[in-house]
Amino acid sequence: MLDHFYSIISMTSNDEKAPKKRSIQGCKATLVAAKCAPPDALRAGFPDLKRLGTYFGIYLGVGTVIFYALKNDIRGHKTIDFIDSLYLCVVTMTTVGYGDLVPHSYNAQLVCIFFITVGMCLFGIAVKIAAKYLVVKQQMVMVNALRMSRKMGPVEALKEIESVKIDYNKLKISLIAMAGHYVIGIFVLLTVEGMDFTDAIYCAFTTMTTTGFGDETFQEPFGRMFAVFWISTGTSCVGQLFLYIAEIYTDIETKKLAKQVISNNIIAKTDLEAADDIKDGKVYGAADMILYKLKEKGKIKQDDISNAMKDLNDVIKDVDVDDVTPPKSAQEK
């Protein structure tokens, strides 16, 4: 949606010597081959994601080392100490919380409290980055819609906005990726963990939704190593799915808002025709129509209009019509 506006604006501003008015068909023809880069404001959010990824990597590494040092204070079904420590980190970080490995000493519980608190803060940063992306995108769409309205005219801009289609491709790809991810998890639970088909479906679903009841979990060393990767990517897929849903909703509402803002700058033909009608002996002309629209939008107040009309009446009264003699024609002379 944003690329569409950028392409239209670039088509109407590339050639300074070209005429200012261009047909919509010409813009659309060139638009097929045009693909604009995202604006700087959107691109600026990518370093934040890289930094956040670094934070999560450090967080996971430090947590694994700490839980490995506290391995004697962790109780539950154990396999290999390092794998169990990494597995416990991921299960805790993603809020799955199976409960198959839990701290049972005072020190281990304090470490878990601190570990969970830091993880919540990191997820808060991730939500902030996602919200910033959506807000900045909405702002840029509005700005470019107004630019397009100035360059092409509000009527043509409205037609162009109406023709913009909401992109559902990312949502479809995300759903397909989640389905594939879900199937892979079921396959590993069936083959490695030896679960029944129903239990495998149940465990995979409760894990991907971060419910994690804990009655069905990963018990084998290879299964837990797989779970570290599978749970991490699964929760990322779920978060990305929610982001795409929010982005689609934002695009729909932004399109409505852009149409509403541009429509407010257009005076309907019926309003202009009604402005020149004679009613009760009074003529409502274009000036009256402009004053009415300004008052309707809150740009001016009724007191301002009354004061202006009073000053105008005073000026008219000061002028004596009889004193104004028209110039004589050449024949009268």
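Throughout, residue positions are numbered sequentially from 1 according to the sequence presented.
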Discussion item. As an exercise, state the distance from CG of Leu146 to NZ of Lys151, rounded to the nearest 0.5 Å.
Written reply: 12.5 Å
Worksheet item: Does Asp199 use its side chain to pair, donor to acceptor, with the backbone of Met195 at less than 3.5 Å?
Response: no
Response to the item:
For Val90 and Ser232, the nearest pair of non-hydrogen atoms, with its separation, is CG1-OG, 3.5 Å
Discussion item. Could you check whether any side-chain N or O of Asp167 sits under 3.5 Å from a backbone N or O of Asn169, counting only pairs where one atom can act as donor and the other as acceptor?
Written reply: yes
Item to complete: Take Thr210 and Thr235 through the test side-chain contact (heavy atoms from CB on, under 4.5 Å) and record every step on the way to the result.
Response: CA-CA 7 Å; Thr210 70; Thr235 51; 3.6 Å; yes
Fill in: Residues Lys256, Glu253: salt bridge by 4.0 Å N-O rule
yes
Worksheet entry | Under 3.5 Å: donor-acceptor pair, side chain of Ser149, backbone of Ala145 | no
Practice prompt. Of all the heavy-atom pairs spanning Val102 and Gly99, show the shortest one and how long it is.
Written response: CG1-O, 3.6 Å
Fill in: Side chain to side chain, Val136 and Met140, heavy atoms closer than 4.5 Å
yes
Worksheet item: Of all residues at least two apart in sequence or in a different chain, which pass the ring pair (Phe, Tyr, Trp, His ring centres under 6.0 Å) check with Phe123?
Response: Phe56
When the side chains of residues 172-188 are checked against the rest of the protein, which donor-acceptor pairs come out under 3.5 Å, sequence neighbours left out?
residue : atom : partner : partner atom : Å
His181  : ND1  : Trp230  : NE1          : 3.1
His181  : NE2  : Trp230  : O            : 3.0
His181  : NE2  : Thr233  : OG1          : 2.8
His181  : NE2  : Gly234  : N            : 3.4
Tyr182  : OH   : Ile201  : O            : 3.1

Worksheet item: Is it the case that more than 12 heavy atoms not belonging to Tyr202 sit under 6.0 Å from its OH atom?
Response: yes
Item to complete: Could you list who else is in Ile116's hydrophobic cluster, with ILVMFWY side chains joined at under 4.5 Å, directly or through other members?
Response: Met120
Discussion item. Does Thr207 form a side-chain hydrogen bond (donor to acceptor under 3.5 Å, both in side chains) with Tyr98? I'd like the steps, not just the answer.
Written reply: CA-CA 9 Å; Thr207 301; Tyr98 283 132; 2.4 Å; yes
Discussion item. Using the ring centroid of each side chain, check whether Phe115 and Phe67 are separated by less than 6.0 Å.
Written reply: yes
Fill in: Contact summary for Leu88 and Leu101, nearest pair of heavy atoms
CD1-O, 3.4 Å
Discussion item. In the structure I gave you, are the side-chain heavy atoms of Ile248 and Tyr168 within less than 4.5 Å of one another anywhere?
Written reply: yes
Worksheet item: Do Thr79 side-chain atoms and Pro221 backbone N/O form a donor-acceptor pair below 3.5 Å?
Response: no
Worksheet, complete the sentence: In Ile245, Leu243, Ile166, the residue satisfying side-chain contact (heavy atoms from CB on, under 4.5 Å) with Leu171 is Ile245
Worksheet item: What pairs of residues pass the salt bridge (Lys or Arg N to Asp or Glu O under 4.0 Å) test when at least one of them lies in residues 208-232, not counting sequence neighbours?
Response: Asp84-Arg224, Asp100-Arg224
Worksheet item: Sub-3.5 Å donor-acceptor pair from the side chain of Lys255 to the main-chain atoms of Val164, do we have one?
Response: yes
Discussion item. What I want to find out is whether Lys170 reaches Glu247 closely enough, with some N-O distance under 4.0 Å, to be called a salt bridge.
Written reply: yes
Worksheet item: Of the non-hydrogen atoms in Ala227 and Tyr87, which two are nearest, and what is the gap between them?
Response: CB-CE1, 3.9 Å
Worksheet item: Nearest heavy-atom pair of Val261 and Met142: which atoms, and what distance?
Response: CG2-CE, 3.9 Å
Practice prompt. List, by chain and number, the other hydrophobic cluster members for Met225, where Ile, Leu, Val, Met, Phe, Trp and Tyr join if side-chain heavy atoms come within less than 4.5 Å, directly or indirectly.
Written response: Ile80, Ile83
Practice prompt. Using modelled atom types only, decide if a donor and an acceptor are shared between the side chain of Thr217 and the backbone of Gly214 within a distance under 3.5 Å.
Written response: no
Fill in: Residue pairs fulfilling salt bridge (Lys or Arg N to Asp or Glu O under 4.0 Å) with at least one residue in residues 57-77, sequence neighbours excluded
Lys71-Asp81
Worksheet, complete the sentence: Here the pair of heavy atoms bringing Thr64 nearest to Leu60 is OG1-O, 2.8 Å
